[in-house]
Amino acid sequence: MTDLAHPSPRHLLMNLLRAADNGCLTAAEAVAAGELFGISGNATRVALARLAAAGLVDAKTRGSYRLGQAGIALDNEVSAWRSAEARVVPWSGRWIAVLTTGLPRTDRAAWRARERALSLLGLRELQGALFVRPDNLDGGVASVRARLASLGVGAETPVFCADQLDDALDQQARKLWNADALMRCYRDGCARLTQWLAGAASLPEGIAAKEAFLIGDHAIRQLVFDPLLPDPLIDAALRRRYRDTVIAFDQEGRAIWATFLAAARAKTTVSAA
């Protein structure tokens with residue numbers, strides 16, 4: 001397996017809570033999962049406490065956690081990668097534009113939040129503070145404006161349609177995304193995930209769980225930040241094939257983790273008896 005960065009305790013816990021079949025994760029399960037990645041039990045418990053303080057998780061019962069309201073809102077946006085293709089509509093050549101001159105760069109926290117929101121929606125900087133993306137998402141400007149607002153971008157930020165770019169600027173806009181890199185990601189990703197799934201049954205339980213998390217998390221992150229470009233700029237059929245492959249991988253990964261966490265619960269029950 002290609003070496004991938006291990007998750008932080010916070011990232012691991014949020015992912016496991018999003019994937020949990022019953023929506024709950026016990027402290028014992030969280031500790032067992034953390035140990036797979038070299039995270040100490042104390043670090044896992046501290047991360048759970050901090051997530052609870054931030055409203056991202058709630059303590060359902062003593063030693064049992066579920067997503068809090070803030071965590072559910074974040075999960076809704078992140079989990080949208082599965083159905084993202086349903087938002088794509090034919091492209092007429094128009095652009096959605098966002099003008100980001102209203103917020104001073106000295107407000108670092110707000111600036112980072114806006115940069116992340118723009119990236120999540122596939123917007124790229126064309127000139128100065130002007131960001132654009134193809135107008136090929138269902139709902140057009142209104143939908144993009146609403147999604148940016150839900151991600152913390154203030155209502156004072158102008159979001160509008162641009163359909164009269166001159167030829168030079170239009171060609172510049174079309175080159176804002178590295179189409180070759182995206183296509184390579186789709187092709188290599190399909191091959192990698194399919195190959196891993198073919199050999200998953202032969203892996204020890206802990207290794208399978210660890211690798212499924214790392215590989216799946218990397219693939220899902222690529223889709224979460226995928227700009228959903230239209231066919232003239234990208235091979236959308238290849239992107240759809242990659243997304244279908246990631247969905248199949250994610251389903252298998254969830255099954256592997258369900259087995260791993262069930263074993264962790266059983267060990268806890270035996271030791272407590």
Side-chain angles (χ1 to χ4, degrees), residues 1-5 11 77-100 105 111-138 140-141 143-144 147-148 151 153 157 159 161-163 165-196 214-247 249-250:
M1 182 188 72
T2 301
D3 187 34
L4 296 171
H11 184 64
E77 184 63 36
V78 172
S79 297
W81 67 268
R82 291 182 179 84
S83 58
E85 290 295 334
R87 298 199 303 269
V88 177
V89 298
W91 187 41
S92 67
R94 299 192 309 177
W95 302 89
I96 290 179
V98 179
L99 192 61
T100 63
R105 290 177 181 266
W111 183 262
R112 283 194 299 271
R114 189 162 68 179
E115 290 290 292
R116 179 178 175 83
L118 293 169
S119 182
L120 274 169
L121 270 71
L123 288 144
R124 299 290 185 271
E125 190 170 13
L126 178 59
Q127 284 190 351
L130 181 66
F131 287 72
V132 300
R133 67 153 294 120
D135 183 8
N136 69 318
L137 300 180
D138 187 38
V141 169
S143 176
V144 169
R147 288 183 66 199
L148 286 172
L151 292 167
V153 176
T157 302
V159 183
C161 183
D163 61 358
L165 300 183
D166 62 48
D167 289 344
L169 202 55
D170 185 81
Q171 289 303 312
Q172 181 182 339
R174 290 168 181 260
K175 297 176 181 177
L176 291 175
W177 299 265
N178 189 334
D180 289 339
L182 284 169
M183 298 282 285
R184 188 164 53 251
C185 161
Y186 302 149
R187 286 192 298 268
D188 293 351
C190 285
R192 182 185 195 190
L193 297 176
T194 301
Q195 181 181 15
W196 190 90
L214 292 174
I215 297 173
D217 185 58
H218 178 72
I220 289 171
R221 179 175 175 79
Q222 289 177 322
L223 288 176
V224 167
F225 285 94
D226 190 283
L228 292 173
L229 299 177
D231 263 317
L233 305 183
I234 203 76
D235 183 348
L238 180 57
R239 182 185 64 229
R240 289 191 291 270
R241 182 160 69 88
Y242 176 54
R243 189 177 305 275
D244 289 343
T245 304
V246 176
I247 289 173
F249 188 96
D250 184 56

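Just so you know, residue 1 is the first one in the sequence shown, and it goes up from there. The structure presented is a predicted model; accordingly, all values stated were derived computationally and were not measured.
Salt bridge Asp180/Arg184: absent, no basic N to carboxylate O contact under 4.0 Å.
Counting heavy atoms of neighbouring residues, nucleotides and ligands inside a 6.0 Å radius, atom CZ of Arg221 does not exceed 12 of them. Remark: Arg116 CZ is loosely packed, at most 12 non-hydrogen atoms of other residues, nucleotides or ligands lying under 6.0 Å away. With a 6.0 Å radius and a threshold of 12 heavy atoms from other residues, nucleotides or ligands, Asp167 has its CG atom at or below the threshold. Within 6.0 Å of CZ in Arg241 there are 12 or fewer heavy atoms belonging to other residues, nucleotides or ligands.
Here the straight-line distance linking atom CZ of Arg243 with atom CG of Leu228 works out to 5.5 Å at 0.5 Å rounding. Here the straight-line distance linking atom CD1 of Ile234 with atom CH2 of Trp177 works out to 11.0 Å at 0.5 Å rounding. Separation of atoms CG (Leu193) and CG (Asp250) is listed at 10.5 Å; rounding is to 0.5 Å. The CZ atom of Arg174 sits 11.5 Å away from the CG atom of Leu169 when rounded to the nearest 0.5 Å. For the atom pair CZ (Arg114) and CG (Leu151), the distance works out to 13.0 Å, reported to the nearest 0.5 Å.
No side-chain heavy atom of Asn136 sits under 4.5 Å from any side-chain heavy atom of Ile96. Within the 4.5 Å cutoff, side-chain heavy atoms of Pro227 are placed close to those of Leu182. With contacts defined as side-chain heavy-atom distances shorter than 4.5 Å, the pair Leu137/Ser143 does not qualify. Two residues are said to be in side-chain contact when any heavy atoms from C-beta on lie closer than 4.5 Å; Leu214 and His218 fail this criterion. Taking 4.5 Å as the limit, every side-chain heavy atom of Gln222 sits out of range of all side-chain heavy atoms of Val246. In this structure, the side chains of Phe131 and Leu121 stay at 4.5 Å or more apart for every pair of heavy atoms. For the pair Leu223/Tyr242, a side-chain contact is recorded, criterion being any heavy-atom separation below 4.5 Å from C-beta on.
Looking only at distances, no side-chain donor or acceptor of Trp81 sits under 3.5 Å from a matching main-chain atom of Asp226. Between the side chain of Asp163 and the backbone N or O of Arg94 there is no donor-acceptor pair closer than 3.5 Å.
Considering all non-hydrogen atoms of both residues, Arg239 and Leu229 come closest at NH1-O, 2.7 Å.
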Practice problem: Give the intermediate values and the outcome of salt bridge (Lys or Arg N to Asp or Glu O under 4.0 Å) for residues Asp244 and Arg240. | Solution: CA-CA 6 Å; Asp244 289 343; Arg240 289 191 291 270; over 6 Å; no
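Every residue meeting the ring pair (Phe, Tyr, Trp, His ring centres under 6.0 Å) condition with Trp91, not counting sequence neighbours, appears here in chain and number order: Trp95.
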